[in-house]
Protein chains: 2
Amino acid sequence: MLRRKRIAWPTVVRLSEYLIILEELVENGVDVVTSRELAGLYGNNANQVRQDLFCLAETGRVGQGYSVPVLERTIRQALGLTEPRGVAIVGCGRLGTVLALHVPLANYGLNLVAAFDVDPNIVGKNLGAVRIDHADRMTEICRDRRVRVAALSVPEEAAQDSASKLVAAGVVGILNYTRVRLKVPARVVVQNRQIICSFIQIACAAFCGHDSLPSPGLVPDADVGR
Amino acid sequence: MLRRKRIAWPTVVRLSEYLIILEELVENGVDVVTSRELAGLYGNNANQVRQDLFCLAETGRVGQGYSVPVLERTIRQALGLTEPRGVAIVGCGRLGTVLALHVPLANYGLNLVAAFDVDPNIVGKNLGAVRIDHADRMTEICRDRRVRVAALSVPEEAAQDSASKLVAAGVVGILNYTRVRLKVPARVVVQNRQIICSFIQIACAAFCGHDSLPSPGLVPDADVGR
DNA sequence: TAGATTGTTAATCGATTAACAATC
DNA sequence: TAGATTGTTAATCGATTAACAATC
């Protein structure tokens, strides 16, 4: 029981979404949730919820359901969100600004500690609580502030260069919002998040008949109480 | 050969990303690409690329590879991007503005034809080429302009109500950027795209050892020529 | 107690990988 | 021709679904 097996990726994705749902339940003062209820909210089925939760340390009570606050905390633990991590935003245009200001990073131990741009009109300004520094100082500053995760929202020409600087500074996870395919060492994880792909996918799902798909992120009408 | 089978969802996701890569190759004047090369760029393997492409109509030439422009067009066709579709942005705050201005929707037949907000300081202004209308007129306007896909970037309180209006107007695909779980009829496809989930997932991938994962969107170092 | 629901194992399903004949 | 690479089928692997004993 000591050696916890690595959580399957589809499960990681769903856990992160369950977490959002559970937070809302906490806010609404809901104390207990059953796998059936959570499945109804998420849009999958109770079996899958239980199987997903099975990878966590002890959480539910047979016959009763899951304690919402306990489950919420356990998922955070399992996803590694209890350790604080330094985050950087690279490219403080419109998208970078959204990422910094619109996304509740700090709720998940993801502390925005650095932001970069090259535009002299932007460098020196603040993005939320952090000062926007010049991209020339990226490696140095990221290393100093122990940035581990970064979001890349720069123009294409600057993407690979920025990524390399981040890697040099010890960053191990990059959310890539540019359409450039980054070359990084195997130890660094990159997730490509071109927003246009979401639009393409939803169009395909809607028009080419992918209506009731169990895939991560594709949640059709909830099938509660079936 | 007439009845084309529905494309598997993981394949749809990858095809949309291959498409971005192919466009870049077109720009660079590359004429032909092999499954091996494309896999190198994407970060998977040649077998998977060929299997993915297998669902398309005739594309490659045995022994030679794939014609980049032909492949690009064929993928567009398969994903249903050749038909123009009306798109609406609901909620024109910072995020909605990014979606409208930063995402090359029109390149994929996704025409932004409507935008909505409730803020009197915003209503009446332009978002790109479209006028921002008041959300009260959403159903009417979306129906008139044949909006089929919408992105939801409104405050939580307005999310379900907006979704219902969109559904009433005949929208069949919703990209939901709010953390509310929308209730919609089964025929309507919803994809939840809370940006925070991407950050949670990359943190988990980076720190809980999900480094070399074949999952959609998680692309580690390219393994070309292995 | 009876009803409900979890934890967990087994069965099924689907996606990825491997392999190779066809052919450019 | 020989080398390369596709199209396609088969084998493997992993994820989802089903089932049910344990137990609150």
Side-chain angles (χ1 to χ4, degrees), chain A residues 1 4-15 17-18 31-40 42-68 70-71 74 78 210 212-220 223-226, chain B residues 1 4-15 17-18 31-40 42-68 70-71 74 78 210 212-220 223-226:
Chain A
M1 186 76 49
R4 182 105 80 270
K5 220 178 54 193
R6 196 160 75 212
I7 306 174
W9 184 251
T11 298
V12 168
V13 172
R14 284 191 297 267
L15 285 176
E17 303 192 56
Y18 296 157
D31 264 357
V32 172
V33 70
T34 66
S35 56
R36 189 183 176 74
E37 290 165 344
L38 187 50
Y42 181 81
N44 57 353
N45 60 71
N47 282 318
Q48 186 168 69
V49 169
R50 283 205 307 285
Q51 188 66 276
D52 284 339
L53 266 33
F54 178 47
C55 71
L56 308 176
E58 214 64 12
T59 48
R61 291 182 72 183
V62 173
Q64 316 290 276
Y66 301 84
S67 154
V68 172
V70 169
L71 190 52
T74 312
H210 272 280
S212 57
L213 217 105
S215 251
L218 219 188
V219 181
D223 61 350
V224 210
R226 221 201 328 103
Chain B
M1 189 70 53
R4 184 104 82 272
K5 220 179 53 194
R6 196 160 75 214
I7 306 174
W9 184 251
T11 299
V12 168
V13 172
R14 283 191 297 267
L15 285 176
E17 304 192 55
Y18 296 157
D31 264 356
V32 173
V33 69
T34 65
S35 55
R36 189 185 177 73
E37 289 164 346
L38 187 49
Y42 182 81
N44 57 354
N45 61 72
N47 283 317
Q48 186 167 68
V49 168
R50 283 205 308 283
Q51 189 66 274
D52 285 339
L53 266 33
F54 179 47
C55 70
L56 308 176
E58 213 65 12
T59 48
R61 290 180 75 181
V62 173
Q64 317 289 272
Y66 301 83
S67 154
V68 171
V70 170
L71 189 52
T74 312
H210 272 280
S212 56
L213 216 102
S215 253
L218 217 189
V219 180
D223 60 349
V224 211
R226 218 199 330 98

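Quick note on labels: first sequence line is chain A, next is B, and so on, each numbered from 1.
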Colleague: Side chain of B/Q48 only, please: which of C/dG7, C/dT16, D/dT16 is the nearest?
Modeller: C/dT16
Colleague: Between B/R36 (CZ) and D/dT6 (P), how many Å, whole number?
Modeller: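 That distance rounds to 10 Å.
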Colleague: Toward the 5' end of DNA chain D, which comes first, A/N47 or A/G63, by nearest nucleotide?
Modeller: A/N47
Colleague: Between atom CZ in A/R50 and atom C1' in C/dT8, what is the gap in whole Å?
Modeller: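 From A/R50 CZ to C/dT8 C1': 10 Å.
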Colleague: Less than 4.5 Å apart, side chain to side chain, heavy atoms only: is that true for A/T74 and A/L53?
Modeller: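 A side-chain contact is absent here, since even the closest heavy-atom pair is not under 4.5 Å.
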Colleague: Taking the side chain of A/F54 as heavy atoms from C-beta outward, which of D/dC24, C/dT9, D/dT17 is closest to it?
Modeller: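 So the nucleotide nearest the side chain must be C/dT9.
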Colleague: If every non-hydrogen atom of A/L38 is compared with every non-hydrogen atom of A/V33, which pair is closest and at what distance?
Modeller: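 Smallest heavy-atom distance, with atoms named: N-CG2, 3.9 Å.
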Colleague: Looking at CG of B/N47 and OG of B/S35, how far apart are the two atoms once the value is rounded to the nearest 0.5 Å?
Modeller: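 Atom-to-atom, B/N47:CG and B/S35:OG are 8.0 Å apart.
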Colleague: Atom CZ of A/R61 and atom P of C/dT8: how far apart are they, to the nearest Å?
Modeller: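 Going from CZ in A/R61 over to P in C/dT8 covers 16 Å.
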Colleague: Quick one: does B/Y42's side chain get under 4.5 Å of B/V49's, heavy atoms only?
Modeller: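 When only atoms from C-beta onward are counted, B/V49 and B/Y42 do not touch, as no gap falls below 4.5 Å.
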Colleague: It should be established whether B/S35 places a side-chain nitrogen or oxygen under 4.0 Å from OP1 or OP2 of nucleotide D/dT6.
Modeller: yes
Colleague: C/dT8 C1' sits how many Å from A/L56 CG, rounded?
Modeller: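 Going from CG in A/L56 over to C1' in C/dT8 covers 14 Å.
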Colleague: Can you tell me if A/Y66 touches the phosphate of D/dC24, counting only side-chain N or O atoms and a distance under 4.0 Å to OP1 or OP2?
Modeller: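 It does not, given that no N or O in the side chain of A/Y66 lies less than 4.0 Å from OP1 or OP2 of D/dC24.
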Colleague: Going by side chain to side chain donor-acceptor pair (under 3.5 Å), name the residues that satisfy it together with B/Y18, two or more places apart in sequence or in a different chain.
Modeller: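 B/Y18 satisfies side chain to side chain donor-acceptor pair (under 3.5 Å) with B/N44, B/D52 once adjacent residues are dropped.
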Colleague: Whole angstrom is fine here: how far is it from CD in B/Q64 over to P in C/dA22?
Modeller: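 Those two atoms, CD and P, are 19 Å apart.
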Colleague: Could you tell me whether the side chain of A/Y66 reaches within less than 4.5 Å of the side chain of A/R50, counting heavy atoms only?
Modeller: yes
Colleague: Can you tell which of C/dT16, D/dC20, D/dA15 lies closest to the side chain of A/P10?
Modeller: D/dA15
Colleague: Okay, side chain of A/E37, backbone of A/T34: is any donor-acceptor separation there less than 3.5 Å?
Modeller: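 Judged by distance alone, yes, a pair lies under 3.5 Å.
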Colleague: To the nearest angstrom, how far is A/L53 atom CG from D/dA15 atom P?
Modeller: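 My rounded result for the distance is 17 Å.
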Colleague: Could you tell me the separation between the CG atom of A/L71 and the P atom of C/dT6, rounded to a whole number of Å?
Modeller: 10 Å
Colleague: Would you indicate which nucleotide in D/dA15, D/dG7, D/dA10 comes nearest to any side-chain atom of B/Q51?
Modeller: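 Of all the options, the side chain of B/Q51 is nearest to D/dA10.
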Colleague: Could you run through DNA chain D and flag its stems, i.e. three or more consecutive Watson-Crick or G-U pairs with both distances under 3.5 Å?
Modeller: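 So the stems come out as C:3-24 with D:3-24.
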Colleague: When you measure from the side chain of A/V62, which nucleotide among D/dT6, D/dC24, D/dA19 comes out closest?
Modeller: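 The answer is D/dC24, which lies nearest to the side chain.
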Colleague: How close or far is atom C1' of D/dT16 from atom OH of A/Y42, stated in whole angstroms?
Modeller: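 Those two atoms, OH and C1', are 13 Å apart.
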